[in-house]
Amino acid sequence: MDSAYRKRLIAIWIGIAAVYLAVLLLDMTLRPTSMLLTVLKKGAIYSLVAVSMNLLNGFTGLFSLGQAGFMLIGAYTYAILTMPGDVKTSESVYKYYECFITFDTGVFIGLVAAGLMAALFAFLIGWPVLRLKSDYLAIATLGFAEIIRAIFQWDVLGPVTNGANLLRSYIDLTRVTLPFTDIPFPPTLFVFMVSGICILIIVLLINSSYGRAFKAIRDDETAAEAMGINLFRSKELSFVISSFFAGISGALLAMFQYTVQAQQFKSMMTYEILLIVVIGGIGSISGSCIASFLYITLSEWWLRGLDMGTFLGISAPSLFRSGFRKLVFSVIIMVIVLFFSRGIMGDKELSIPRMRAAFARAAKRMRKEAAG
Amino acid sequence: MNSMLELRNVTMQFGGVVAVNDFSMHIEEGEIVALIGPNGAGKTTAFNCITGVYEPTNGEILYRGRTIAVNHPRGRMKRIYGGLHGDMYASRRVLNPTPDEITRLGIARTFQNIRLFRSMTVYENVLTAMHLRARQNALSAVFRISWKEEQRMREDTERLLKEQDLYQYRDEKATSLPYGKQRRLEIARALATEPELLLLDEPAAGMNPQETKELSAFIREIKERYSLSVFMIEHHMDLVMDISDRIYVLDFGSPIAEGSPAEIQRNQRVIDAYLGVSEDV
Ligand SMILES: Nc1ncnc2c1ncn2[C@@H]1O[C@H](COP(=O)(O)OP(=O)(O)O)[C@@H](O)[C@H]1O
Ligand SMILES: [Mg+2]
């Protein structure tokens, strides 16, 4: 390991530590309901699911559209497991059903189980679908997500899923405590920690021998196979791992929302995530993260005025009313996809030398403009 | 003593096209064997049958005496034509390995139309091919428990690149290399899978005369250094005649001749089908 590489690694870790410290400070000082904290939390959750989708679509070259389905499985698994046993047996949540599961678990087990359950489903549907050479995966996973959504609202499964009714009273972000104490865990920091650890694992995977096998499959299936890489097993591995983390992000979303309902995990949600991946750059982890925060900030915060009557100080209630935000947003997205189809980062990662080079280029251009 | 590789009555039919027709051949340990024939004769298809890309529609393939693939005509389409020995394998259990299984056995290949990993550097291309022989699992690789194995793979890659005179291109995009070097890189990548039998599909295609000349010595050298047997498809007759121990000739899918370079050069059917034509051009 050469010293330049080590220096860069240290710089990255210092940068990450600084971000986490800043999040902790914001968590301590801002009102819990402040817009900034909301955006940070949701941005971190979407970062995780976007990165997990990128692992599949960007690094393995498998076009899958099942993200919302796996998030749903994760969210439900987490909510059902961590809901206190006496709540489940009382009438307060399961009004129309006798809840089948009477025990409850902690946050950690809930999160891991959420991932594992999503991974199990991925394993099962991957078995038939991933053997096919063509892109049936997109259709199959999209259909799967829709079916899962229907099944989770199915009356017969009511004793587990509470039918079409929502789940609540599980351990949400405000109820997470530091291990072995009653001290509440700073909620935004918690989301950042879980997402961060998961993304780190994905980064480690991508930079391992298995990650190289995934990229080989993306580049050329025939050549990858000829190099001894088993297509089916590698694809299945990528699919299962991606779904595992989608499940965890679903659980985080449930924690963030206080209540969860199968209804919300529509394919629109998958398209949103796909969009984030495209905007960030297919094959760029840091791109997916940047794009998540950008997307959430825009849609939840900065463009909100477009629905509320006043935007950028312009008051036009007749134009800026409910639904206009979606319209503007769609136009922005269309422009991005048409003119910046490689996304913010392309397939590169954010790095200090690259940032420095970009700044140098920008400075040079400005100097030139100032001169000529 | 078993042959290194043996094909028995291998037939490959695509719909109405019989690309390889009742082809039997063998390669002995340490031999360099060439497969020649006009364009569209079915040479690449034969390679694809050996490496598991295609399932032959009839016949059997053995590696070191062990059956690695066997198939026979089944179903309506395939029964139209099963080769001369269409019924011979009908009682056999069909065995169709995937290409990675073949590579694991020790047969590596290159491609006629170079197939390097586009997004990767020269170094990464070779490193990726080391995956097959790495002793690790997904967990130990992700959490760097098997970091020693990763280190070994990286050291082996560096060594291989140095041996193959590609070290100077280490960090360049594989596809930005000159054509001849890309072919060399493809061979290096195949060697990274630690093969015993190397299949080369037109290794000299796109090379300049100088590179083609060097290739002959190069193939001999890697054959010795890595104790390989080589099975090669090639159009450059100088090269073929220079290094082959034996030559097989295909024409319209059917084998028309087999023998030493001298015998092939004298064979009237080969001259008519192939050599004669190329002299005219
Ligand atoms: N996948 C395929 N589907 C249909 N026909 C094929 C396929 N692969 C090869 N062929 C046909 O088989 C014949 C032999 O092709 P090929 O093996 O590539 O010849 P060569 O390598 O000797 O030039 C050609 O007529 C080609 O069109
Ligand atoms: Mg060919």
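Just so it is clear: chains get the letters A, B, ... in the order the sequence lines come, proteins before strands, and each one is counted from 1. From a predicted model like this one, the values you see are computed outputs, not experimental measurements.
When the candidates B:N137, B:I107, B:T193 are compared by the number of heavy-atom contacts under 4.5 Å with chain A, B:N137 comes out ahead. Taking B:W147, B:F117, B:F111 one by one and counting their heavy-atom pairs under 4.5 Å with chain A, the maximum is reached by B:F117. Ranked by heavy-atom pairs under 4.5 Å with chain B, the list A:I241, A:I201, A:L237 is led by A:I201.
Taking the six-membered ring where tryptophan is involved, the planes of A:F121 and A:F144 are tilted, since the angle between them lies from 30° to 60°.
Residues B:Y226 and B:E163 have side chains that bring a donor and an acceptor to within less than 3.5 angstrom of each other. Side-chain atoms of B:R135 and B:S146 form no donor-acceptor pair, as typed in the model, at a separation below 3.5 Å. Between the side chains of B:E150 and A:S208, no donor N or O sits under 3.5 Å from an acceptor N or O.
Interface residue A:L205: backbone and side-chain heavy atoms are both found under 4.5 Å from chain B. In this structure, chain A has heavy atoms under 4.5 Å from both the backbone and the side chain of B:A129. Interface residue B:Q136: backbone and side-chain heavy atoms are both found under 4.5 Å from chain A. Contacts between B:M130 and chain A at a heavy-atom distance below 4.5 Å are absent for every atom of the residue. Both the backbone and the side chain of B:R189 come within less than 4.5 Å of a heavy atom in chain A. Looking at B:L127, the atoms closer than 4.5 Å to chain A (heavy atoms on both sides) sit in the backbone and in the side chain alike.
A cation-pi geometry, defined here as NZ or CZ lying under 6.0 Å from the six-membered ring centre and within 45° of its normal, does not hold between B:R109 and B:F47.
Heavy atoms only, all atoms of each residue included: A:E236 and A:W127 are closest at OE1-N, 3.6 Å.
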